[in-house]
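Reading through the C-alpha coordinates given below for one structure.
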Protein chains: 2
Amino acid sequence: MKPTSGNAPDSLLKLENFLCFAIYSTANAVTRAYQPRLAVLGLTYPQYLVMVVLWERENQTVKSIGEKLSLDSGTLTPLLKRLESAGLITRRRDTVDERQVLIGLTDEGRAARRRAEAIPIAIGKAFGCTLGEANDLRAELITVRDNLIASIDKAK
Amino acid sequence: MKPTSGNAPDSLLKLENFLCFAIYSTANAVTRAYQPRLAVLGLTYPQYLVMVVLWERENQTVKSIGEKLSLDSGTLTPLLKRLESAGLITRRRDTVDERQVLIGLTDEGRAARRRAEAIPIAIGKAFGCTLGEANDLRAELITVRDNLIASIDKAK
DNA sequence: ACGCATTAAATTGCACACAATTAAATAGTG
DNA sequence: CACTATTTAATTGTGTGCAATTTAATGCGT
(Lines give C-alpha, C1' and ligand atoms only; values in the text may rest on other atoms or scores of the structure.)
Protein backbone atom coordinates (compact mmCIF):
# COMPACT_ATOMS: atom_id res chain seq x y z
CA MET A 1 0.00 0.00 0.00
CA LYS A 2 1.29 3.43 -0.90
CA PRO A 3 1.11 6.38 1.49
CA THR A 4 -1.56 9.05 1.17
CA SER A 5 -0.30 10.57 -2.04
CA GLY A 6 0.68 9.48 -5.51
CA ASN A 7 4.09 9.59 -7.16
CA ALA A 8 6.48 12.18 -5.91
CA PRO A 9 6.50 15.09 -8.43
CA ASP A 10 2.72 14.96 -8.55
CA SER A 11 1.97 14.87 -4.84
CA LEU A 12 4.17 17.85 -4.13
CA LEU A 13 1.80 20.19 -5.90
CA LYS A 14 -1.46 18.91 -4.47
CA LEU A 15 -3.49 21.38 -2.49
CA GLU A 16 -4.69 18.79 -0.03
CA ASN A 17 -1.11 18.04 0.99
CA PHE A 18 -0.24 21.67 1.67
CA LEU A 19 0.36 22.63 5.26
CA CYS A 20 0.50 26.22 4.04
CA PHE A 21 -3.00 26.02 2.62
CA ALA A 22 -4.33 24.49 5.82
CA ILE A 23 -2.90 27.48 7.67
CA TYR A 24 -4.12 29.99 5.11
CA SER A 25 -7.67 28.68 4.86
CA THR A 26 -7.99 28.25 8.62
CA ALA A 27 -6.91 31.86 9.13
CA ASN A 28 -9.61 33.01 6.73
CA ALA A 29 -12.15 30.88 8.57
CA VAL A 30 -11.06 32.41 11.88
CA THR A 31 -11.73 35.91 10.56
CA ARG A 32 -15.15 34.89 9.27
CA ALA A 33 -16.02 33.18 12.57
CA TYR A 34 -15.09 36.25 14.58
CA GLN A 35 -16.83 38.73 12.31
CA PRO A 36 -20.42 38.51 13.62
CA ARG A 37 -19.29 38.57 17.26
CA LEU A 38 -16.93 41.51 16.73
CA ALA A 39 -19.46 43.41 14.62
CA VAL A 40 -21.53 44.16 17.73
CA LEU A 41 -18.43 45.83 19.20
CA GLY A 42 -17.82 47.63 15.90
CA LEU A 43 -14.45 45.90 15.48
CA THR A 44 -12.72 43.94 12.75
CA TYR A 45 -10.51 41.00 13.72
CA PRO A 46 -7.19 42.90 13.38
CA GLN A 47 -8.68 45.83 15.29
CA TYR A 48 -9.72 43.40 18.03
CA LEU A 49 -6.14 42.12 18.25
CA VAL A 50 -4.87 45.68 18.68
CA MET A 51 -7.42 46.23 21.44
CA VAL A 52 -6.31 43.03 23.17
CA VAL A 53 -2.72 44.27 23.10
CA LEU A 54 -3.82 47.59 24.60
CA TRP A 55 -6.01 45.96 27.24
CA GLU A 56 -2.89 44.14 28.38
CA ARG A 57 -0.98 47.41 28.65
CA GLU A 58 -1.97 50.96 27.82
CA ASN A 59 0.19 53.62 26.20
CA GLN A 60 2.26 51.55 23.84
CA THR A 61 4.01 52.86 20.76
CA VAL A 62 2.98 51.84 17.27
CA LYS A 63 6.24 49.92 17.05
CA SER A 64 5.52 47.99 20.24
CA ILE A 65 2.06 47.00 19.01
CA GLY A 66 3.54 46.10 15.65
CA GLU A 67 6.13 43.82 17.17
CA LYS A 68 3.52 41.96 19.18
CA LEU A 69 1.25 41.47 16.18
CA SER A 70 3.93 41.26 13.46
CA LEU A 71 2.38 44.21 11.66
CA ASP A 72 4.09 47.31 10.32
CA SER A 73 3.08 50.94 10.32
CA GLY A 74 1.65 50.58 6.82
CA THR A 75 -1.04 48.37 8.30
CA LEU A 76 -1.28 49.88 11.74
CA THR A 77 -1.38 53.61 11.02
CA PRO A 78 -4.69 53.57 9.12
CA LEU A 79 -6.13 50.92 11.44
CA LEU A 80 -5.27 53.00 14.51
CA LYS A 81 -6.77 56.08 12.91
CA ARG A 82 -10.01 54.17 12.45
CA LEU A 83 -9.97 53.05 16.10
CA GLU A 84 -9.33 56.64 17.10
CA SER A 85 -12.24 58.01 15.09
CA ALA A 86 -14.39 55.21 16.55
CA GLY A 87 -13.58 56.73 19.94
CA LEU A 88 -11.82 53.65 21.35
CA ILE A 89 -8.19 54.80 21.48
CA THR A 90 -6.09 57.95 21.70
CA ARG A 91 -3.00 58.81 19.62
CA ARG A 92 -0.48 61.34 20.78
CA ARG A 93 3.16 62.09 20.01
CA ASP A 94 5.57 61.20 22.77
CA THR A 95 6.87 64.51 24.13
CA VAL A 96 10.23 62.99 25.02
CA ASP A 97 10.83 61.27 21.69
CA GLU A 98 8.68 62.89 19.08
CA ARG A 99 9.28 60.13 16.56
CA GLN A 100 7.02 57.89 18.59
CA VAL A 101 3.24 57.87 18.79
CA LEU A 102 1.74 56.61 22.02
CA ILE A 103 -1.53 54.73 21.76
CA GLY A 104 -3.84 54.87 24.76
CA LEU A 105 -7.37 53.79 25.57
CA THR A 106 -10.42 55.99 26.00
CA ASP A 107 -12.98 55.18 28.69
CA GLU A 108 -15.08 53.63 25.96
CA GLY A 109 -12.14 51.55 24.76
CA ARG A 110 -11.46 50.38 28.31
CA ALA A 111 -15.13 49.55 28.80
CA ALA A 112 -15.28 47.48 25.61
CA ARG A 113 -13.05 44.95 27.31
CA ARG A 114 -15.89 43.58 29.42
CA ARG A 115 -18.02 42.94 26.39
CA ALA A 116 -15.08 41.32 24.62
CA GLU A 117 -14.47 38.80 27.36
CA ALA A 118 -17.31 36.59 26.15
CA ILE A 119 -15.75 36.20 22.71
CA PRO A 120 -12.84 33.82 23.42
CA ILE A 121 -15.24 31.44 25.13
CA ALA A 122 -17.64 31.40 22.20
CA ILE A 123 -14.84 31.02 19.67
CA GLY A 124 -13.25 28.31 21.77
CA LYS A 125 -16.42 26.31 21.40
CA ALA A 126 -16.49 26.93 17.65
CA PHE A 127 -12.99 25.47 17.37
CA GLY A 128 -14.52 22.23 18.60
CA CYS A 129 -11.48 21.01 20.47
CA THR A 130 -10.47 20.83 24.10
CA LEU A 131 -8.39 23.50 25.79
CA GLY A 132 -5.51 21.06 25.89
CA GLU A 133 -5.71 20.32 22.18
CA ALA A 134 -5.97 24.04 21.43
CA ASN A 135 -2.86 24.74 23.51
CA ASP A 136 -0.89 21.98 21.79
CA LEU A 137 -1.95 23.23 18.39
CA ARG A 138 -1.06 26.78 19.34
CA ALA A 139 2.40 25.76 20.50
CA GLU A 140 3.08 23.82 17.30
CA LEU A 141 1.92 26.72 15.16
CA ILE A 142 4.12 29.19 16.99
CA THR A 143 7.11 26.92 16.47
CA VAL A 144 6.39 26.73 12.76
CA ARG A 145 5.74 30.48 12.58
CA ASP A 146 9.00 31.35 14.30
CA ASN A 147 10.89 28.95 12.04
CA LEU A 148 9.34 30.65 9.01
CA ILE A 149 10.21 34.10 10.32
CA ALA A 150 13.78 32.96 11.02
CA SER A 151 14.12 31.65 7.47
CA ILE A 152 12.81 34.94 6.09
CA ASP A 153 15.26 36.94 8.19
CA LYS A 154 18.13 34.64 7.24
CA ALA A 155 17.48 35.30 3.56
CA LYS A 156 18.20 39.00 4.10
CA MET B 1 2.17 26.35 41.14
CA LYS B 2 -0.42 27.88 38.87
CA PRO B 3 -0.75 26.95 35.21
CA THR B 4 0.67 29.17 32.49
CA SER B 5 -1.79 32.00 32.86
CA GLY B 6 -3.14 34.13 35.68
CA ASN B 7 -6.66 34.39 37.02
CA ALA B 8 -9.47 33.41 34.72
CA PRO B 9 -11.05 36.62 33.36
CA ASP B 10 -7.60 38.01 32.73
CA SER B 11 -6.06 35.04 30.95
CA LEU B 12 -8.94 34.81 28.52
CA LEU B 13 -7.94 38.04 26.86
CA LYS B 14 -4.22 37.43 26.63
CA LEU B 15 -2.77 37.41 23.14
CA GLU B 16 -0.26 34.69 23.95
CA ASN B 17 -3.08 32.31 24.87
CA PHE B 18 -4.96 32.84 21.62
CA LEU B 19 -5.09 29.94 19.22
CA CYS B 20 -6.68 32.32 16.75
CA PHE B 21 -3.68 34.65 16.87
CA ALA B 22 -1.27 31.77 16.40
CA ILE B 23 -3.21 30.86 13.26
CA TYR B 24 -3.48 34.45 12.06
CA SER B 25 0.17 35.35 12.57
CA THR B 26 1.39 32.06 11.09
CA ALA B 27 -0.70 32.65 7.98
CA ASN B 28 0.87 36.09 7.56
CA ALA B 29 4.32 34.54 7.99
CA VAL B 30 3.48 31.92 5.34
CA THR B 31 2.64 34.64 2.84
CA ARG B 32 5.85 36.50 3.60
CA ALA B 33 7.91 33.31 3.33
CA TYR B 34 6.43 32.46 -0.06
CA GLN B 35 6.72 35.96 -1.46
CA PRO B 36 10.37 35.96 -2.66
CA ARG B 37 10.05 32.47 -4.19
CA LEU B 38 6.80 33.27 -5.96
CA ALA B 39 8.02 36.67 -7.11
CA VAL B 40 10.33 34.99 -9.65
CA LEU B 41 7.24 33.34 -11.13
CA GLY B 42 5.37 36.64 -11.00
CA LEU B 43 2.78 35.21 -8.62
CA THR B 44 1.28 36.20 -5.29
CA TYR B 45 0.45 33.49 -2.79
CA PRO B 46 -3.30 33.41 -3.53
CA GLN B 47 -2.53 33.40 -7.26
CA TYR B 48 -0.19 30.45 -6.68
CA LEU B 49 -3.00 28.55 -4.95
CA VAL B 50 -5.27 29.16 -7.93
CA MET B 51 -2.56 27.86 -10.25
CA VAL B 52 -2.14 24.76 -8.07
CA VAL B 53 -5.87 24.10 -8.36
CA LEU B 54 -5.67 24.49 -12.14
CA TRP B 55 -2.57 22.32 -12.44
CA GLU B 56 -4.59 19.57 -10.78
CA ARG B 57 -7.40 19.97 -13.31
CA GLU B 58 -7.84 22.41 -16.16
CA ASN B 59 -11.05 24.12 -17.21
CA GLN B 60 -12.76 24.63 -13.91
CA THR B 61 -15.44 27.19 -13.20
CA VAL B 62 -14.87 30.15 -10.91
CA LYS B 63 -17.26 28.50 -8.49
CA SER B 64 -15.28 25.24 -8.48
CA ILE B 65 -12.03 27.06 -7.78
CA GLY B 66 -13.77 29.11 -5.10
CA GLU B 67 -15.07 26.03 -3.33
CA LYS B 68 -11.62 24.46 -3.23
CA LEU B 69 -9.98 27.61 -1.86
CA SER B 70 -12.94 28.95 0.16
CA LEU B 71 -12.90 32.18 -1.83
CA ASP B 72 -15.78 33.98 -3.49
CA SER B 73 -16.07 35.75 -6.82
CA GLY B 74 -15.36 39.08 -5.16
CA THR B 75 -11.82 37.84 -4.53
CA LEU B 76 -11.43 35.55 -7.52
CA THR B 77 -12.75 37.66 -10.39
CA PRO B 78 -10.08 40.38 -10.14
CA LEU B 79 -7.38 37.83 -9.26
CA LEU B 80 -8.24 35.73 -12.32
CA LYS B 81 -8.24 38.81 -14.52
CA ARG B 82 -4.71 39.53 -13.34
CA LEU B 83 -3.60 35.96 -14.08
CA GLU B 84 -5.20 36.29 -17.50
CA SER B 85 -3.40 39.52 -18.33
CA ALA B 86 -0.19 37.89 -17.08
CA GLY B 87 -0.75 35.29 -19.81
CA LEU B 88 -1.04 32.30 -17.48
CA ILE B 89 -4.73 31.43 -17.76
CA THR B 90 -7.69 31.76 -20.11
CA ARG B 91 -11.21 32.87 -19.20
CA ARG B 92 -14.18 32.02 -21.39
CA ARG B 93 -17.94 31.75 -20.91
CA ASP B 94 -19.27 28.21 -20.96
CA THR B 95 -21.29 27.94 -24.18
CA VAL B 96 -23.68 25.43 -22.62
CA ASP B 97 -24.34 27.38 -19.42
CA GLU B 98 -23.45 30.99 -20.01
CA ARG B 99 -23.60 31.86 -16.33
CA GLN B 100 -20.35 30.00 -15.84
CA VAL B 101 -16.84 31.11 -16.72
CA LEU B 102 -14.35 28.36 -17.47
CA ILE B 103 -10.77 28.94 -16.43
CA GLY B 104 -8.09 27.19 -18.45
CA LEU B 105 -4.31 27.25 -18.66
CA THR B 106 -2.16 28.77 -21.37
CA ASP B 107 1.02 27.00 -22.49
CA GLU B 108 2.91 29.44 -20.31
CA GLY B 109 0.65 28.66 -17.36
CA ARG B 110 1.16 24.94 -17.87
CA ALA B 111 4.92 25.42 -18.17
CA ALA B 112 5.09 27.41 -14.93
CA ARG B 113 4.24 24.23 -13.09
CA ARG B 114 7.74 22.83 -13.52
CA ARG B 115 9.31 25.89 -11.98
CA ALA B 116 6.78 25.79 -9.14
CA GLU B 117 7.65 22.25 -8.14
CA ALA B 118 10.75 23.38 -6.28
CA ILE B 119 8.75 25.67 -4.01
CA PRO B 120 7.03 23.15 -1.68
CA ILE B 121 10.40 21.57 -0.95
CA ALA B 122 12.00 24.89 -0.04
CA ILE B 123 9.03 25.98 2.06
CA GLY B 124 8.91 22.58 3.73
CA LYS B 125 12.44 23.19 4.97
CA ALA B 126 11.53 26.67 6.18
CA PHE B 127 8.74 25.16 8.31
CA GLY B 128 11.50 23.37 10.15
CA CYS B 129 9.51 20.26 10.97
CA THR B 130 9.41 16.73 9.64
CA LEU B 131 6.95 15.62 6.98
CA GLY B 132 5.14 13.61 9.62
CA GLU B 133 4.82 16.57 11.96
CA ALA B 134 3.64 18.74 9.09
CA ASN B 135 0.99 16.19 8.16
CA ASP B 136 -0.25 15.93 11.74
CA LEU B 137 -0.41 19.68 12.07
CA ARG B 138 -2.22 19.96 8.75
CA ALA B 139 -4.82 17.38 9.79
CA GLU B 140 -5.45 19.15 13.11
CA LEU B 141 -5.82 22.51 11.39
CA ILE B 142 -8.29 21.16 8.88
CA THR B 143 -10.38 19.70 11.68
CA VAL B 144 -10.42 23.06 13.44
CA ARG B 145 -11.13 24.89 10.19
CA ASP B 146 -14.04 22.64 9.30
CA ASN B 147 -15.44 23.02 12.82
CA LEU B 148 -15.23 26.78 12.45
CA ILE B 149 -16.94 26.71 9.08
CA ALA B 150 -19.66 24.45 10.44
CA SER B 151 -20.28 26.87 13.31
CA ILE B 152 -20.48 29.78 10.87
CA ASP B 153 -22.96 27.92 8.66
CA LYS B 154 -25.01 26.87 11.67
CA ALA B 155 -25.40 30.51 12.72
CA LYS B 156 -27.21 31.27 9.46
C1' DA C 1 28.47 71.74 16.86
C1' DC C 2 28.39 69.26 12.40
C1' DG C 3 27.22 65.53 9.48
C1' DC C 4 25.63 61.07 8.80
C1' DA C 5 23.44 56.87 10.02
C1' DT C 6 19.50 55.14 12.45
C1' DT C 7 14.90 54.98 14.00
C1' DA C 8 9.66 55.72 14.06
C1' DA C 9 5.54 56.81 11.62
C1' DA C 10 3.30 58.03 7.79
C1' DT C 11 2.44 57.62 2.95
C1' DT C 12 1.87 55.35 -1.56
C1' DG C 13 0.62 51.68 -4.42
C1' DC C 14 -0.91 47.06 -5.15
C1' DA C 15 -3.37 42.81 -4.13
C1' DC C 16 -6.21 40.38 -1.47
C1' DA C 17 -10.81 39.00 1.57
C1' DC C 18 -15.39 39.52 2.14
C1' DA C 19 -20.15 41.54 2.77
C1' DA C 20 -23.66 43.24 -0.04
C1' DT C 21 -25.65 44.21 -4.27
C1' DT C 22 -26.39 43.69 -9.24
C1' DA C 23 -26.95 41.48 -13.78
C1' DA C 24 -27.66 37.75 -16.55
C1' DA C 25 -28.77 33.01 -17.42
C1' DT C 26 -31.01 28.83 -16.14
C1' DA C 27 -34.24 25.89 -13.55
C1' DG C 28 -38.48 24.88 -11.73
C1' DT C 29 -43.53 25.44 -11.13
C1' DG C 30 -48.21 25.95 -12.26
C1' DC D 1 -45.55 29.11 -21.89
C1' DA D 2 -45.18 32.59 -18.45
C1' DC D 3 -43.23 33.62 -14.01
C1' DT D 4 -40.68 33.22 -10.19
C1' DA D 5 -36.73 31.34 -7.76
C1' DT D 6 -32.14 30.02 -8.04
C1' DT D 7 -27.55 30.10 -9.62
C1' DT D 8 -23.20 32.20 -11.35
C1' DA D 9 -20.10 36.03 -11.95
C1' DA D 10 -19.24 40.59 -11.70
C1' DT D 11 -19.33 44.85 -9.20
C1' DT D 12 -18.95 48.04 -5.22
C1' DG D 13 -17.12 49.46 -1.00
C1' DT D 14 -14.39 48.78 3.21
C1' DG D 15 -10.45 47.13 5.60
C1' DT D 16 -6.43 44.86 5.82
C1' DG D 17 -1.12 43.29 4.72
C1' DC D 18 3.04 44.52 2.96
C1' DA D 19 6.88 46.40 0.01
C1' DA D 20 8.94 50.65 -0.89
C1' DT D 21 9.53 55.32 -0.14
C1' DT D 22 9.25 59.61 2.48
C1' DT D 23 9.44 62.67 6.46
C1' DA D 24 10.92 63.92 10.75
C1' DA D 25 13.43 63.19 14.95
C1' DT D 26 17.20 61.19 17.44
C1' DG D 27 21.86 59.22 18.17
C1' DC D 28 26.60 59.06 17.37
C1' DG D 29 31.31 59.89 15.92
C1' DT D 30 34.60 63.30 15.10
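Because the structure is predicted, anything quoted here is derived from the model rather than measured. Chain naming here is simple, since letters A, B, ... match the order of the sequence lines and numbering starts at 1 in each. Only heavy atoms go into these numbers, but all of them, side chains included; no hydrogens, no water, no symmetry mates.
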Inset, instruction - Side chain of A:D97 only, please: which of D:dT11, D:dG15, D:dT26 is the nearest? - result: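 Closest nucleotide to the A:D97 side chain: D:dT26.
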Legend entry - Closest contact, heavy atoms only, A:V30 versus B:C20: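 Smallest heavy-atom distance, with atoms named: CG1-CB, 3.8 Å.
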Inset, instruction - Test side chain to side chain donor-acceptor pair (under 3.5 Å) on A:K68 and A:S64 and set out the steps. - result: CA-CA 6 Å; A:K68 281 165 182 136; A:S64 161; 3.3 Å; yes
Would the distance check show the side chain of [X] and the main-chain N or O of [Y] forming a donor-acceptor pair, the cut-off being under 3.5 Å?
| X | Y | result |
| --- | --- | --- |
| B:D146 | B:I149 | no |
| A:D136 | A:A139 | no |
| B:R138 | A:E16 | yes |
| A:N147 | B:F127 | yes |
| A:R92 | A:I103 | no |
| B:R145 | A:N28 | no |

Touch class at under 4.0 angstrom, heavy-atom based, for [X] against every strand present:
| X | result |
| --- | --- |
| B:S70 | sugar-phosphate |
| A:L76 | nothing |
| A:V50 | nothing |
| A:T75 | base |

Legend entry - DNA chain C: 5'-proximal contact among A:T61 and A:T31 (nearest heavy atom):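 Looking at DNA chain C, the more 5' nearest nucleotide goes with A:T61.
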Legend entry - A:Y24 vs A:Q100, nearer the 5' end of DNA chain C by closest nucleotide: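 First, find each residue's nearest nucleotide; the 5'-ward one identifies A:Q100.
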Atom [atom1] of [X] and atom [atom2] of [N]: how far apart are they, to the nearest Å?
| X | N | atom1 | atom2 | value |
| --- | --- | --- | --- | --- |
| A:K81 | D:dT16 | NZ | P | 14 Å |
| A:L49 | D:dG15 | CG | C1' | 14 Å |
| B:D94 | D:dT8 | CG | P | 12 Å |
| A:L71 | D:dC18 | CG | P | 6 Å |
| B:R92 | D:dT8 | CZ | P | 18 Å |
| A:L38 | D:dG15 | CG | P | 14 Å |
| B:D72 | D:dG13 | CG | C1' | 13 Å |
| A:R93 | D:dT26 | CZ | P | 10 Å |

Can you find a side chain N or O atom of [X] that sits less than 4.0 Å from OP1 or OP2 on [N]?
| X | N | value |
| --- | --- | --- |
| B:Q35 | D:dC18 | no |
| A:R82 | D:dT16 | yes |
| B:S73 | D:dA10 | no |

Legend entry - Of all pairs that satisfy ring pair (Phe, Tyr, Trp, His ring centres under 6.0 Å), the ones with a partner from residues 48-73 of chain A, not counting sequence neighbours: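 Qualifying pairs: A:Y34-A:Y48.
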Inset, instruction - Would you sketch DNA chain C in dot-bracket for me? Only Watson-Crick or G-U wobble pairs with both distances under 3.5 Å count, crossing pairs as [ ], other-strand pairs as |, the rest as dots. - result: ||||||||||||||||||||||||||||||
Inset, instruction - Return the 5'-most residue of the pair B:R32, A:R99 with respect to DNA chain D, ranking by each residue's nearest nucleotide. - result: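 First, find each residue's nearest nucleotide; the 5'-ward one identifies B:R32.
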Inset, instruction - Could you check B:F18, B:F21, B:Y24 and say which one makes a ring pair (Phe, Tyr, Trp, His ring centres under 6.0 Å) with A:Y45? - result: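 For A:Y45, the ring pair (Phe, Tyr, Trp, His ring centres under 6.0 Å) check succeeds only for B:Y24.
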Legend entry - Nucleotide range of DNA chain C lying under 4.0 Å from chain B heavy atoms: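 Contact boundaries, 5' end first: C:dA15 to C:dT26.
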